[in-house]
2 protein chains.
Amino acid sequence: MSNEKSYAPGRVPKQRPGKVGGKRAANRVERTRAICEAARPLFLQRGVETVTVDEITQAANVAKGSFYRYFDGKQQLVRSLFEPLVEEFLSAMQRCEGRLNAAASTAEVFSAYETLAGELALVLLQSPESVKLYLQECRAPSEGARVPIREFSEQVTQAAISLTEVAHQRKLLRTNLSARLTAITVVGATENLLFRFLDRNDLGEPHEVTGALVGMVLDGIRAEDPPAAHS
Amino acid sequence: MSNEKSYAPGRVPKQRPGKVGGKRAANRVERTRAICEAARPLFLQRGVETVTVDEITQAANVAKGSFYRYFDGKQQLVRSLFEPLVEEFLSAMQRCEGRLNAAASTAEVFSAYETLAGELALVLLQSPESVKLYLQECRAPSEGARVPIREFSEQVTQAAISLTEVAHQRKLLRTNLSARLTAITVVGATENLLFRFLDRNDLGEPHEVTGALVGMVLDGIRAEDPPAAHS
DNA sequence: TTAAAACATGACCGTTCAGTCACTCTTTTA
DNA sequence: TAAAAGAGTGACTGAACGGTCATGTTTTAA
């Protein structure tokens, strides 16, 4: 639950990085942030691969040499850009998995899923543009600057499978599908709903989308108890 | 149900295109095909935007000037590459919509969906690499060479919504969601299942995936009749 | 048969890009 | 405070790219 919103630079000097609160460290954080936040809208509008380093540095009001001081290249920038989102997402998933493993009743299982939904919604609200960028690029080939995004996508799938396996082992799923296929189905539906929602500024009504998501997941796991008793 | 598998060139001469079975026409079809089929594996491996015209022409054993004789540029190549797939997909969807509108019983509605599933499976088996490429690039920004892919994606969504609306108006859906959100959910799940399946050569068992897809759709529309009586 | 159109080729051109570097200024650390 | 490391800059370089074109060949259509 840490409030770390800063982007880590890809390169950090070895000999004199400066004290943690000093001018160098603060400046490094600020420049990294400026570059990352200048790059993101360009990536969203034109795609990661087509945006050049020159464009990014111009948009960030930073010289080209400074970019290469903090990053090896575009791939490392992409990795730094997504690092906070990846951390928050994976930690939320891991917390949910912990709660699921500790759950004694079906109600606690439902509660764990609901808590996860709330935490993921928070992540979405905090960084909708990064989420949009992820959805836009997450099926890219594993070559070039988008490698970190594709890696993140695999982690999303794996984490979803892990969570689904808990429900699967507890016979909570209505479907007779494997946990893997169930997870891939749910992730695909969720990601497409999110993408279409984020892609149209006019299609408001976020509650309708969240309702669709929660309904879909809960609909698939009403095997034993009716979901009446959850906190 | 025509067997047109040929890729149309983007540019066709006005004054002397040659007779339909003549040398020029045949040569034009052949060169267009060579370029398209050389480009596809490159697009799959490295992404549409990063592949250069030089690479494509080298892979196709064609001079650069010849490429620009048949295509304005990469975007037109992409359009020609996907045109057969788009045609087959949309025609199958339209046939299904016609059958749905003519359906007198719920059993006929189910039958229409089943026929569609079979036809789409055939499309997938005929051109799995183009489908994979579509899934890989279908969320690209509407700029550059991938514009036709994004357009196709919107058509897929719209066609799915149209089909879902029929089931929605007939009160065949178990869900209380709008037809739009239902369609986006189903398309997202389907596309992700297909992509993960096509992306891993080892994950065999196509019947498991198809079973997941059919089960998911039919599971969502068992409102009135039990789906016993369908041809 | 013949003139015009289409075709094929790859050298060529202007532009753009990633990455480097010399130079200057700032910060750290001892 | 002084020396060394870090930081900022933008010009520069070499490679690569999209697109064109001059040249020569093949096909069409009359």
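Since this is a predicted model, take the numbers as computed values, not measurements. Letters A, B, ... are given to chains in the order of the sequence lines, protein chains preceding strands, and every chain is numbered from 1.
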| request: May I ask you to evaluate whether Arg24(B) reaches the phosphate of dC7(C), defined as a side-chain N or O under 4.0 Å from OP1 or OP2? | output: no
| message | Looking only at the side chain of Asp54(B) (C-beta and beyond, no hydrogens), which of the listed nucleotides dG6(D), dA18(C), dC17(D) gets closest? | response | dC17(D)
| Choosing from dA7(D), dA29(D), dA5(D), which nucleotide comes nearest the side chain of Arg28(A)? | dA7(D)
| request: Check whether any side-chain nitrogen or oxygen of Arg31(A) sits under 4.0 Å from OP1 or OP2 of dT9(D), and answer yes or no. | output: yes
| query | Would you find more than 12 non-hydrogen atoms of other residues, nucleotides or ligands less than 6.0 Å from Gln45(B) atom CD? | reply | no
| task | Take the protein atom CZ of Phe71(B) and the nucleotide atom C1' of dC7(C), then report the distance between them rounded to whole Å. | result | 15 Å
| request: Before accepting this row, confirm whether a basic side-chain N of the pair Lys64(B)/Glu55(B) lies closer than 4.0 Å to the acidic partner's carboxylate O. | output: no
| field | Nucleotide dA6(C), atom C1' - distance to CD of Gln15(B) in whole Å | value | 10 Å
| message | Between Tyr134(A) and Glu191(A), do the side chains contain a donor N or O and an acceptor N or O under 3.5 Å apart? | response | yes
| task | Round to a whole Å and report the spacing from CD1 of Ile56(B) to P of dC17(D). | result | 11 Å
| said: Let me spell it out: for each of Tyr68(B) and Gly22(B), pick the nucleotide of DNA chain D with the closest heavy atom. Which residue's pick is nearer the 5' end? | reply: Tyr68(B)
| task | Could you work out which one of dA5(D), dT9(C), dA5(C) sits closest to the side chain of Ala63(B)? | result | dT9(C)
| task | Find the distance Lys14(A):NZ to dT27(C):P and express it as a whole number of Å. | result | 23 Å
| Under 4.0 Å between a side-chain N/O of Tyr70(B) and OP1 or OP2 of dA6(C), yes or no? | no
| field | Under 4.0 angstrom between Asn27(B) side-chain N/O and dA8(C) OP1 or OP2 | value | yes
| DNA chain D: 5'-proximal contact among Asp72(B) and Val62(A) (nearest heavy atom) | Val62(A)
| task | For Gln58(B) and dT9(C), give me the distance from atom CD to atom P, rounded to whole Å. | result | 13 Å
| said: Rounding to an integer number of Å, can you tell me how far Arg16(B) CZ sits from dA6(C) P? | reply: 8 Å
| message | Please report the distance, rounded to the nearest Å, between CZ in Phe67(A) and P in dA7(D). | response | 16 Å
| task | Look at the side-chain N and O atoms of Arg69(B) and state whether any lies under 4.0 Å from the OP1 or OP2 oxygen of dC7(C). | result | yes
| said: Closest approach to the side chain of Lys64(A), judged atom by atom: which nucleotide of dG8(D), dT20(C), dG18(D) is it? | reply: dT20(C)
| query | Checking all strands, does Ser66(A) fall into the base, sugar-phosphate, or nothing category for heavy-atom contacts under 4.0 angstrom? | reply | base
| message | Counting the atoms with a prime plus P, OP1 and OP2 as sugar-phosphate, which does Gly18(B) contact under 4.0 Å by heavy atoms, base, sugar-phosphate, or nothing? | response | sugar-phosphate
| query | Relative to each other, are the rings of Phe82(B) and Phe152(B) parallel, tilted or perpendicular (30° and 60° limits)? | reply | tilted
| said: Both conditions, 6.0 Å and 45 degrees, for the charged tip of Arg11(B) above the ring of Phe71(B): are they met here? | reply: no
| said: Salt bridge check, Glu83(B) against Arg79(B): does any charged N sit closer than 4.0 Å to a carboxylate O? | reply: no
| task | Specify the separation, in whole Å, of atom CZ of Arg46(B) and atom P of dA16(D). | result | 12 Å
